[in-house]
Amino acid sequence: MSTQELYSELVTRLKKTSLLASCSAVLGWDEQVNMPPQGAEHRANQLALLAGMTHEQSTSSRVGELLSQLDEADDLGPEGSDQRVIVREARRNYDRATKLPQRLVEEISRTTTLAQQAWVGARKARDYSQFQSWLEQVLNLKREEAEAIGYGDGQPYDALLDDYEPGATAAAVQAAFEPLRDELVPLVAAIGESSHKPNSSIVTRSYPVSAQREFGLKAAEAIGFSFDAGRLDIAAHPFCSGFGPGDCRLTTRYDEHHFPGAFFGTLHEAGHGIYEQGLNGDAFGTALGESVSLGIHESQSRMWENLVGRSHPFWEFFYPQAQQAFPEALGNVPLDDFHRAVNDVRPSFIRVEADEVTYNLHIMLRFELEQAMLSGDLKPVDVPAVWNETFTRYFGITPEHDSDGCLQDIHWSAGLLGYFPTYALGNMYAAQFFESADRDLGDLSDMFRRGEFAPLKDWLRKNIHQQGKRYHAQQLVQHVTGEPLSHAPLMRHLNNRFKPLYELN
Ligand code: ZN
């Protein structure tokens, strides 16, 4: 077979596998949005069947043969060509999928299912001891996974991180986080001491749900999410699921007495959705039609949610519409008071409720503990004490029970170690991309004041979305911004936004 024949057989197989995986995505979305409770068991069977078929296809020995022959081929185009990128990423996925013994995959699946049940109970009872031995088992399995995958000269954590943020290492993440933490801790403390507090009760007045939905749809459409190629529905845990070209599903949840939850949640998921809708549909199933990493995905959602959606210029455009939509809650509230209320910063125990400034510290704490747990330096029995001690150092407050502390997140029970850093990386990437876009496009603030969001969306599409996985995250940052990843743009953004709001100098 010629190289081109091998290559096109590989692409046909990749596309088929992705098509199958996207069927699971439809069922997964339906499970969260529409499925009646009694459908759960049958749905689990459907999803398990598809997962097995997808795994079988992606690890088939024929894919291995095609890749070995393509690895040897010298007529596949130059380094960095489309074909080479697609083969490189296919090789990466194949290696990851085939390096794990079937026994380990099944054991991780079984153990994390049970660990999650134990975690739910432990969190409810505020009793870490119910979860401790499960955490120990999950850690052992994840260590085994890291060994099976390998991590070169690095550390076991790298092998796990690489699943979510290809190419990233713990050392590189640490180097990016440390200077960020050193500047964040004093900023959080200074904001805490400021006597210039926002009136946060503005956003907990009555906001009728139907008006929230309408206003959220309008904003998501205005920033560039296409409802001809997507939907917004309600789910208990908001998410975005891109099924494939032309169909991307968003979900949110509404609370009549908390405006920011659904509104910024919608902008966040719409940011993910704009990325999915911006991917090259013709390349579906190959690396060139896929998002780079969780961190880069998160950079898109955080950019629209925070950099754009919580900015003063954004509200200069939208606030009159918000006042019309919510006349009772906002009729007499000046724009500046509202803007300050949606930028309320205060240390809190729960990560998912955290504001833009303190959020990153929640992540750094988890990143430190995860590394120490995986290396064995931190024993599961000591996790609550170390959590609380570190939390107090960063935030100046101490959780009263473990459900507000080390039991709050599902991730460890689900085996998602190495996942947390991608959230804070997303914030850093977002700020760095945003500075570059602002430089390239002129004054973004002025555009937002006029309700013009297309230039930023088009810039993101061209520089990030349409690139697929051509570059790994760190290379993409370098390529798009001309600089390696740095904490500086994020700190500049946070200082520029929050120092004036809290009258700090
Ligand atoms: Zn997100």
Side-chain angles (χ1 to χ4, degrees), residues 25 28-29 32-33 161 163-166 168 173 177 216 219-220 223-225 230-243 248-254 258 260-279 290-311 314 342 348 350-364 366-367 408-411 414 416-434 456-457 460-461 464-465 469 473 476-477 485 490 493:
W29 169 84
Q32 306 280 325
V33 173
L161 180 62
D163 203 10
Y164 312 112
E165 203 63 12
V173 171
F177 279 4
I223 64 170
F225 182 80
R231 289 178 55 90
L232 173 69
D233 293 275
I234 295 175
H237 303 283
F239 62 92
C240 162
S241 183
F243 294 166
C248 176
R249 307 301 175 93
L250 313 178
T251 66
T252 192
R253 59 180 168 207
Y254 299 96
H258 190 247
F263 183 76
F264 293 107
T266 300
L267 286 190
H268 179 100
E269 300 308 335
H272 282 303
I274 289 168
Y275 189 3
E276 291 289 320
Q277 291 182 338
L279 294 170
E290 283 165 6
S291 56
V292 179
S293 67
L294 289 185
I296 296 294
H297 227 305
E298 200 63 9
S299 77
Q300 303 302 289
S301 56
R302 300 284 169 129
M303 185 180 300
W304 290 107
E305 176 193 356
N306 292 329
L307 280 289
V308 180
R310 289 182 206 264
S311 71
F314 178 92
V342 297
S348 60
I350 304 296
R351 173 184 63 85
V352 297
E353 294 167 5
D355 57 77
E356 205 185 344
V357 183
T358 57
Y359 190 90
N360 300 292
L361 292 175
H362 286 271
I363 297 306
M364 290 175 202
R366 287 158 177 77
F367 175 60
Q408 66 182 269
D409 298 300
I410 193 172
H411 298 62
L416 301 175
L417 275 100
Y419 191 113
F420 282 123
T422 67
Y423 295 119
L425 287 171
N427 287 330
M428 296 169 81
Y429 298 145
Q432 195 159 337
F433 288 145
F434 193 81
L456 176 59
K457 187 196 80 174
L460 295 169
R461 175 158 293 187
I464 298 169
H465 309 169
K469 274 193 163 78
L476 181 71
V477 169
L485 176 65
L490 179 58
H493 159 67

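Whatever order the structure lists them in is the order used to number ligands and atoms, beginning at 1.
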> Check the pair His493, Phe434 against ring-ring contact (aromatic ring centres under 6.0 Å, His included), reporting the backbone distance first and the verdict last.
CA-CA 10 Å; His493 159 67; Phe434 193 81; 7.5 Å; no
> Going by side-chain contact (heavy atoms from CB on, under 4.5 Å), name the residues that satisfy it together with Ile350, two or more places apart in sequence or in a different chain.
Val352, Glu353, Asp404, Gln408
> Identify which one of Glu356, Glu298, His268 satisfies the side-chain contact (heavy atoms from CB on, under 4.5 Å) criterion when paired with Glu305.
His268
> So, His297 and Glu276: side-chain donor and acceptor under 3.5 Å apart, yes or no?
yes
> In total, how many protein N/O/S atoms does one find closer than 2.8 Å to the Zn ion (ligand 1)?
3
> Is any side-chain heavy atom of Leu425 closer than 4.5 Å to a side-chain heavy atom of Leu485?
yes
> Any cation-pi pair here, Arg351 with Tyr423, using under 6.0 Å and within 45°?
yes
